[in-house]
Amino acid sequence: MSASNSKASATRVAKSLEAHSLIAVIFGGLIYILAVTGTLSVFNHEFQRWEQPNVPEMESISPEAAEMAALEVFRSEETPTTHLYVNFPQEDLPRTVITTDTQAFFAAPDGTIAAKEAFPWTQFLLDLHYYLHLPQILGLTVVGALGAMLIAMSFSGLLAHPRIFRDAFTFRRGAGRLTTVDLHNRLSVWTLPFHLSNALTGAILGLASILAFAIAAAGFNNDTDAVFNPVFGSEPEENSAPAEVATISTPLTYMAREFPDLDVTYFILHDPGTAGQHSSIIAEHRDRLIFGEYYNFTSDGDYEGNVGISDGTVGQQITGAVYNVHFGNWGGLLVKLAYLIFGVGLCVIIASGLSIYFAKREANGRPAPKLAAVWSGLIWGTPAMLAATLAAALLGSSGGGLVAIFWIGLLATLIIAGFIGREKTQTFGRTFMLTSLVLVLAIYTGRYGMSAFSNAGLSISLLGAVLAAGLGWWSLNARKNRLGGTDEAAAQPAE
Amino acid sequence: MVIWQVLGLGLAAMGVYSLYFAWQRKARSWPLVVAGWVLVLGSITSWSQTSGVDKGPALGVVAVILVALITIIAAAIKAPVKTRRTITPRQPQQSWQASVWHEGLSITASILAIAILALIAALASCTAMFMAGRAVGLEHTANLTLSMFAFPMAWAGLATFIGYSTSTFLRAAVLLGLAVVSAAIILVTMQGGG
C-alpha cells in the first residue's frame, strides 16, 4: 500500500470513528435503555405469567367455552366495546384472555371467568420499550429514530474497521482497554446480522407512521388507511344499528376443521352487537417468520378469505415478518434464548463503546470523569431501576407510579454517579441491583407462596436467582480484588 | 428434519473453524477463507430445509452467530495474558476545558442536523422513491415495503455522513440537494396523477 493510500485509509478511519463517537455520545444512553428493555421484552409472555402465577392455564379451549367467556365479558361492559378479543393459549402463554377496549379477564377451561388480568410491570416494560413512556405516536417515532441511529452506528462502525476480517478472532485478554476494545469489536462484527436486522425492524415499526403520513399526503389525499390497507386488509363499512352478537364458535370450529395445522392465536370481533359486525381470526403459521395471517368471517360465521400475509404479495409477506424478527418470537424458547444472548451482547457493545470513548479521552489528555461516571450510572442504573420497579409492582404500584419510580430513580442515580465517581458508581449500582433482585424474590415468594414455584412462576424466579447469585459473586470478587489491590477495572471488560 | 439441523450445525462449526484456522495462519489462505464461507452458506442452506422459505434461513443465521460466539469465547479463553506496558494518560491539557463550549455547540448543531435536517431529507427522498415507483407502476405493497426499509437506512446513512464530513458546506449541500430533488420528484409525480 502506498503512503498516500495508507494516509487516506487512516483519515477515513479517523473520520468514521468521529461519526461513530458523535452518534453514540448523542443517542447512546437512550439506545442502551432500549437494548436492555428490548432484551427483557423478548420474554414478555413469560413475565406476564410470572406476574400472575395463580390463574387457570390450559393447552387449548373449546370454541363453545371461548364463546361463553367472551359473551359474559361483553355483556358486563357498561359502554359497549368497539372490539372484543379472545387471546388463545400459546406455548409460552398457556392462558385464555378475553379483552375489550377497557379491560381483560382470564377464562377457565369451562368458559367461566376466573380473574382480572393485571401485569403492571410487563406493561410498564413494554411501554418503556415501545414509547419510552412518551405519548404513543411521538414515542413510537422517537424509538424508531433511535433504531435508525443504531443502524448509523453499525454503518460508521464498519467504516471505521478496515481490518474487519484480519481481526475476526483477535482477543487480547487481561489487557485493560484493549480487552474492552476487542470485546466491543468482536461482538459487534459477529452479531451484526442480529443487531442490524433488529435495529432495522425496530426503526421500521417506529417510523412507519410518519412515512405513511408523508406518502398519504403526497399521493392519497391524506388517507393513511389507503396506504396500509393493501398490506393488512381493510375494514368493511360501519353500521351501528343494534344486532344480536355475532357467532364466535362457528369461525373457530371452521378454522379447526379446515386449517388443522395452524395455531389460532387471536379472535377479533369488530363492532360487536352492531349490524356491521364481522370477525377475524389470527392464526400462526409454524414454519414462517410472519406474525400470523388474518382469516375473515361474516357475522354468521361464513368464511370470507384470508388477507394474504402468508400467501399474498412479497411486500405483504415481508411486512408481516417485521414484528416477529424484531421480538424474536418466531422459533420457540431456543430462539428466544438466542435473542437473550444477542440482546445482552448488544447491551455490552453499547456499554463498552462509550467506556472506550471516555478512556480514549482520558488517554489523550481530555478527561471527562463526571460524564464517564454518569455513563456508568446509566449502565448500572437502568437494570437496577428495572429491578426496583419490579419490586414496587409486586408491592402494588402500577401505571404512572412505576413510570415515576423508574425515571426519577434513574435521574437520581445519574446525579449521584456524577458526584461519587465511576468506581463507586459501579459498586453502588451492583449492590443496588443485587438488593432489588433479592427483594423481588423475597416479596414474590411471600406474596404467592407455593404458586411462586409453579410452572408459571418458577422460570423467571430461577433466572432472577441465578442473576442475583452472579451479581453477588461478582461483588465479592470485586471487593476481594480491591482489598488485595488488584485493578478492578481491568477485571471488568464490559464496563 | 433433525438430520438437516445436525448437518446445519456441523457445517456452521466447520465453516467458522475453517475461518478461524485461516485467521491463525500468518499468510492469508484464500482456499481456507473461501471454504469457510462456502461451509457457512451450506449451513444456512441446510437450515433452510428445516422450515419455511423465510424461517429456515433465519434459523441458520442464528445458529451461525451462536457458533461464532462460542468460537470467540474459546479463542478468548485460550488467549495468553501478556504483560503489557502501562499506558500513562497524558496530562490534562490546560486549555481543554475551554474547548468544552465549542464541543457542546458542535454537538448541538449535529443533533439538529441529524434529528431535523437528515430526517426531512430521508423522509422526502423515500416519499419521492415511493411516488416514483408508483408512477412507473410498481406493485403497491412491494413499493411500500421498499420505502419502509429505505427510510431508516437513508436516515442512518445521512446521520453517518453528517458525523463523517468535516465540511459544513458539503453537509448542507447534500441535505438540501436531496430534499430539493425529492420535492421536485414528488411534485412531478403528484401532478402526473400517479
Side-chain angles (χ1 to χ4, degrees), chain A residues 15-16 18-20 22-23 25-26 144-145 147-149 151-152 155-156 159 168-169 171-175 186 190-191 193-194 200 203-204 207-208 210-211 214-215 218-219 227 230-231 285 287-289 313-316 318-319 321 325 330-331 335 338 341-342 345 362-367, chain B residues 19-20 23 51-52 54-55 58-59 61-62 65-66 68-69 71-72 75-76 79-82 84 87 89-93 96 107 110-111 114-115 119 123-124 126-127 130-131 134 139-145 147-149 151-153 155-157 159-160 162-164 166 186 189-190 194:
Chain A
K15 284 164 80 176
S16 304
E18 209 157 294
H20 195 61
L22 177 79
I23 298 166
V25 166
I26 298 172
M149 293 308 113
I151 301 172
F155 286 171
S156 52
L159 282 172
F169 295 96
F171 200 93
R172 289 159 291 188
R173 199 152 62 95
R186 295 301 83 74
W190 283 106
T191 60
F194 166 77
L200 182 59
I204 290 170
L207 298 174
I210 57 166
L211 182 64
I215 289 175
V227 178
V231 179
H285 291 234
D287 60 344
R288 299 293 307 277
L289 284 179
T313 63
V314 175
Q316 281 180 295
I318 293 176
T319 306
V325 168
W330 49 271
V335 169
I341 294 169
F342 302 156
E362 193 179 345
N364 293 335
R366 293 187 317 122
Chain B
L19 292 173
Y20 178 63
W23 170 81
S51 200
D54 45 5
K55 187 174 166 181
L59 284 169
V61 173
V62 168
I65 301 177
L66 284 174
L69 287 180
T71 312
I72 291 285
V81 179
K82 291 181 185 166
R84 295 171 196 274
I87 300 168
R90 279 191 219 160
Q91 285 298 311
Q93 298 157 8
W96 76 269
I107 286 182
S110 298
I111 291 174
I114 290 172
L119 166 66
L123 187 59
C126 291
T127 307
F130 178 88
M131 294 298 285
R134 188 182 181 216
E139 191 273 322
H140 178 88
T141 62
N143 195 13
L144 182 64
T145 305
S147 305
M148 285 199 304
F149 275 74
F151 178 31
M153 302 284 269
W155 194 359
T160 307
I162 288 167
Y164 185 92
T166 44
I186 293 169
T189 49
M190 275 172 83

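No experiment lies behind these values; they were computed from the predicted model shown. A, B, ... follow the sequence lines: proteins, then strands. Residue 1 opens every chain.
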Bottom line for A/Val325: the part with an atom under 4.5 Å from chain B's heavy atoms is neither

Chain A contact via B/Val61 - side chain, backbone, both or neither, heavy atoms under 4.5 Å
side chain

So, the part of A/Leu22 with a heavy atom under 4.5 Å from chain B: the answer is side chain

Can you tell me which portion of B/Tyr164 sits under 4.5 Å from chain A's heavy atoms? Options are side chain, backbone, both or neither.
both

Can any side-chain N or O of A/Thr191 pair as donor or acceptor with the backbone N or O of A/Phe194 at less than 3.5 Å?
no

Segment of B/Leu69 engaging chain A (4.5 angstrom heavy-atom cut-off)
side chain

Checking A/Ile210 against chain B: side chain, backbone, both or neither under 4.5 Å from a heavy atom?
both

For B/Ile114, which atoms come within 4.5 Å of any heavy atom of chain A: side chain, backbone, both, or neither?
side chain

Heavy-atom distance under 4.5 Å to chain A: side chain of B/Ile107, backbone, both or neither?
both

B/Phe151 versus chain A, the contacting section by heavy-atom distance below 4.5 Å:
side chain

B/Leu19 portion near chain A, given a 4.5 angstrom heavy-atom threshold
both

To the closest 0.5 Å, what do you measure between CZ (B/Phe149) and CG (A/Leu200)?
5.5 Å

Without hydrogens or angle criteria, can the side chains of B/Thr145 and A/Thr319 be said to hold a donor-acceptor pair below 3.5 Å?
yes

Which answer fits A/Ile341, side chain, backbone, both or neither, if we ask what part of it has an atom under 4.5 Å from a heavy atom of chain B?
side chain

Using heavy-atom distances under 4.5 Å, tell me whether A/Arg186 contacts chain B through its side chain, its backbone, both, or neither.
side chain

Which one, A/Ile318, A/Asp287, A/Val335, A/Ile23, leads in non-hydrogen pairs under 4.5 Å with chain B?
A/Asp287

